[in-house]
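The structure appears right after this line, and notes come after that.
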Amino acid sequence: MQKRCSRCGNEMEIELRNVVYRKRVKIMNVPVHVCVDEDCDHSQVVDVIKDDLKSLMEELGQHPQRQAVEFEEMSELSNLLVLIANEKVNSTVRELLGEKVNELLDLFLLAQSLGDEKWMLELRERLTKIMV
């Protein structure tokens, strides 16, 4: 997920940030690319989660009630990054990613054994988003 800033050309890092929607909803733990150049300070939402964020905003509507939403409950990538940020032991990102992939594959096998096509499609999408 290495990315260069479209404004200054420097590298960008991924951070978890809060995004405020319609001045009423705080969406917590949104993965955002942030330019490492302090003078530039450009940031943008990580491409692979844009659809999840857009879906959430559509679900909230034009006049949402005041609330806070944990984005990691809707986005596999956000969930994985929160797990990594909160990890107390010395697990590597690769190990945590492997555990998450195995968990999703186990769920996929269960969905397949039940013949649940909708759940299988959802799990494929979730796997695709963290494997990019």
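When a residue number appears, it is its place in the shown sequence, counting from 1. Side chains are part of it too, since the values below use all heavy atoms of this structure and drop only hydrogens, waters and symmetry mates.
The side chain to side chain donor-acceptor pair (under 3.5 Å) search around K50 returns D47, not counting sequence neighbours. For E76, the salt bridge (charged side-chain N to carboxylate O under 4.0 Å, His left out) partners are K100, R126, not counting sequence neighbours. Annotation: side chain to side chain donor-acceptor pair (under 3.5 Å) contacts of E11 (sequence neighbours excluded): Q2. Evaluation of the side chain to side chain donor-acceptor pair (under 3.5 Å) rule for R124 yields no partner, not counting sequence neighbours. Judged as a side chain to side chain donor-acceptor pair (under 3.5 Å), and not counting sequence neighbours, E125 has no contacts. Partners of E15 by salt bridge (charged side-chain N to carboxylate O under 4.0 Å, His left out), not counting sequence neighbours, listed by chain and number: R17. Not counting sequence neighbours, the partners of S6 by the side chain to side chain contact (heavy atoms under 4.5 Å, CB included) test are H42, Q44. By the side chain to side chain contact (heavy atoms under 4.5 Å, CB included) test, L109 pairs with Q112, sequence neighbours left out.
Judged as a salt bridge (Lys or Arg N to Asp or Glu O under 4.0 Å), not a single pair has a partner in residues 106-115 (not counting sequence neighbours). Under the salt bridge (Lys or Arg N to Asp or Glu O under 4.0 Å) criterion, no residue pair touches residues 25-43, with sequence neighbours excluded. Among residue pairs with one or both ends in residues 60-70, those qualifying as side-chain hydrogen bond (donor to acceptor under 3.5 Å, both in side chains) are R22-Q62; sequence neighbours excluded. Identified under the salt bridge (Lys or Arg N to Asp or Glu O under 4.0 Å) test for residues 108-121, with sequence neighbours left out: none.
Nearest heavy-atom pair across A111 and M120 is CB-CG, 3.6 Å.
Side-chain atoms of S43 and C35, non-hydrogen and from C-beta on, never get closer than 4.5 Å to each other. No side-chain heavy atom of V32 sits less than 4.5 Å from a side-chain heavy atom of V46. Side-chain contact check for L16 versus V82: some heavy-atom pair is nearer than 4.5 Å. Using a 4.5 Å cut-off on side-chain heavy atoms (C-beta onward), N79 and F71 make no contact. In this structure, the side chains of I49 and S78 stay at 4.5 Å or more apart for every pair of heavy atoms.
A distance-only check finds a donor-acceptor pair linking the side chain of S113 to the backbone of L110 [under 3.5 Å].
Heavy atoms from other residues, nucleotides or ligands lying under 6.0 Å from CD of E59 number 12 at most. Other residues, nucleotides and ligands contribute at most 12 non-hydrogen atoms within 6.0 Å of the CZ atom of R7.
Here the CG-CD distance, from L53 to E58, works out to 10.5 Å after rounding to the nearest 0.5 Å. In this structure, K3 NZ and N10 CG are separated by 14.0 Å, a value rounded to the nearest 0.5 Å. Note that the CG atom of L123 and the CG atom of L104 stand 6.0 Å from one another [nearest 0.5 Å].
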### Message
Could you walk me through whether H33 and I14 satisfy the side chain to side chain contact (heavy atoms under 4.5 Å, CB included) test, starting with their C-alpha distance in whole Å, then the side-chain angles of each, then the deciding distance to 0.1 Å, before giving a yes or no?
### Response
CA-CA 5 Å; H33 285 288; I14 295 178; 3.8 Å; yes
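Of the candidates V20, N18, L56, L56 is the only one forming a side chain to side chain contact (heavy atoms under 4.5 Å, CB included) with I27.
Taking hydrophobic clusters as Ile, Leu, Val, Met, Phe, Trp and Tyr residues chained together by side-chain heavy-atom distances below 4.5 Å, L121 does not share a cluster with F108. Note on M28: it does not cluster hydrophobically with L60, by side-chain heavy-atom contacts below 4.5 Å among ILVMFWY residues. W119 and L105 end up in the same hydrophobic cluster when Ile, Leu, Val, Met, Phe, Trp and Tyr side chains are linked at under 4.5 Å.
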